[in-house]
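Below: one structure, written as structure tokens.
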Amino acid sequence: MSYKFSESLKRNIDFQSVYKKGKSYANKYLVMYVLENRMEKNRLGISVSKKVGNSIVRHKVTRLIRESYRLHENIFNSGLDIVVIARSSASSVSYWEIESALLHLAKLHHIIKK
RNA sequence: UAAGCAGCACAGACAAUCGCAGCUGCAUGUGCCGAAAGGCCGCAGGUGAGGAAAGUCCGGGCUUCACAGGGCAGUAUGCCGGAUAACGUCCGGUGGAGGUGACUCUAAGACCAGUGCAGCAGAAAAUAACCGCCUGAUUUUUCAGGUAAGGGUGAAAAGGCGGGGUAAGAGCCCACCGCUUCUUUGGUAACAGAGAAGGCUGUGUAAACUCCAUACGAAGCAAGACCGAACAGAAACGAUACAGUUGCCCGCUGUGUUUCGGGUAGGUUGCUUGAGCCUGUUGGUAACGACAGGCCUAGAUAGAUGAUUGUCUGAUACAGAACCCGGCUUACAGUGCUGCUUAUUAU
RNA sequence: UGGGCUAUCGCCAAACGGUAAGGCACCGGACUCUGACUCCGGCAUUUCAAGGUUCGAAUCCUUGUAGCCCAG
């Protein structure tokens, strides 16, 4: 998977460093960790636990988060490692709610361009 | 019309916009990244999850390792015949169980090879005598013997029922049924039918050990193959530069260069043309096979199918390929079709 | 993705196919002026679930569910 301006976060070490050093905000459906990575591009990691549901549900949630990030990729600041974790209440939710939750968390982090 | 039985098919469709991953064709800069292997960048077209992709319960392919040959152990299977690459699967049949029926279910070899177990209750759970019945003795409640018809217990009680017989009884004898053995007929066989004989030597349990027959080497694509920074190692080269080994020389060791082979991170491959799918003819009761023609139909690698809008609608379930096939099991909203059974009504 | 293990009371757990031990906790009582200690009594009703074998299953067989571990 590739994005226009971003990459995906792959290695476990990167995830752990974001969890340890980054800041986090949360709302009803999602949790977001953000850490500056001294690169030009953003790196996005999505994590959906087994508690959320079976493989179909987890895959669906992953796609919704990725799609809502992709459609608003240009308004995010660059040079960030972002990890989005889906909570179990996100299992049966439409695209619009995921999108608004993602943008709400981005505002709390102040990582949206003005 | 109602209630059922068996089998098969489908698993939202269409359009527009944005987006993802392979493939094919065209284009292709002495472009970019990298040590190398290799990767990336443009345009167009077409393709892109299931009936269970699931559980991982069986079997096989494929790969690596082991292996002269055989046996033991271990595990699995277990009526008969067939299908198949193979199977614990499937098909056809036999016996048994259930249902009025269509039909469904069935781990269904051997307790006359041996060992074990059968709690409680009961006289007794396999070398049957507690009560009872009968005979004899004793004479007034006991002893000796005969006896499996009756009693109650238990999941299970010593072939069943009727008659004869007897002191009382008993397959002790007889008829019918059951059982065992033999003969014969049909069937490839399991087995079924018929006839004769034996008087019946004896419970259940092998999803208890076991016996018999058959099968099985082990591990798994994170298998394995190739390229290969780092790093441990070996060899060669050295005018001698530096450091160490005793102050110096020789010698030795390390740093150095080259080569070799091993190989981590990483990358490439394995990877999708296959016991493949569709149509027709044909062999077979069927599972399945043969022939002819046509088709190419996902291949990701932190993991591709999504989002929005509109129209239709009853539109909603269970659910996501990860090396590949054949099965089994489990989950599941509904819709349609075919054949059959039973009941009721009408003709 | 592949391989392996476990499940019994609120917790820790035992159990030859024949009544589901025991400890802690909890509840009631005794002792004490009161509490603790101690003593006595009580506490499993679908042994993770569903089928099967058996006269009889926590135990044997099959299928599932949940949890845990190993291989990066």
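Letters A, B, ... mirror the listed sequences (proteins, then strands); counts begin at 1.
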Partner nucleotide, any strand, of B:A86 [Watson-Crick/G-U, under 3.5 Å]:
none
Taking only residues two or more places apart in sequence or in another chain, which ones pass ring pair (Phe, Tyr, Trp, His ring centres under 6.0 Å) with A:Tyr25?
A:His109
Residues in salt bridge (Lys or Arg N to Asp or Glu O under 4.0 Å) contact with A:Glu97, at least two apart in sequence or another chain:
none
Given B:A304, is OP1 or OP2 found less than 4.0 Å from the side-chain N or O atoms of A:His59?
yes
Which whole number of Å gives the distance between the C1' atom of C:A44 and that of C:A15?
14 Å
Kindly write out the residues that satisfy side chain to side chain contact (heavy atoms under 4.5 Å, CB included) with A:His104, not counting sequence neighbours, or none if the list is empty.
A:Asn27, A:Leu108
Are there any protein N/O atoms within less than 3.5 Å of an N/O atom in nucleotides 307-309 of chain B, and if so, which ones and at what distance?
{"residue": "B:A307", "atom": "OP1", "partner": "A:Lys60", "partner atom": "NZ", "Å": "2.7"}

Say you pick atom P in B:G82 and the same atom in B:G51; how far apart are they, in whole Å?
35 Å
How would you list, by chain and number, every residue that makes a side chain to side chain contact (heavy atoms under 4.5 Å, CB included) with A:Ser100, sequence neighbours excluded?
none
Distance between the C1' atoms of B:A319 and C:C68, in whole angstroms?
26 Å
Would you say B:G303 has OP1 or OP2 under 4.0 Å from some side-chain N or O of A:Arg66?
yes
Could you let me know what B:C182 is paired to, Watson-Crick or G-U wobble, both distances under 3.5 Å, or none if it's on its own?
B:G195
Name the pairing partner of B:C312, where a pair is Watson-Crick or G-U wobble with both distances under 3.5 Å, or state none.
B:G12
In whole Å, what separates the P atom of B:G39 from that of B:G59?
40 Å
Does A:Arg63 contact B:G19 through a side-chain donor or acceptor facing the base, at a distance under 3.5 Å?
no
Taking any strand in view, what nucleotide pairs with B:G150 in a Watson-Crick or G-U wobble way, both distances under 3.5 Å?
B:C131
Who passes side chain to side chain contact (heavy atoms under 4.5 Å, CB included) against A:Thr62, sequence neighbours left out?
A:Ile46, A:Val48, A:Arg66
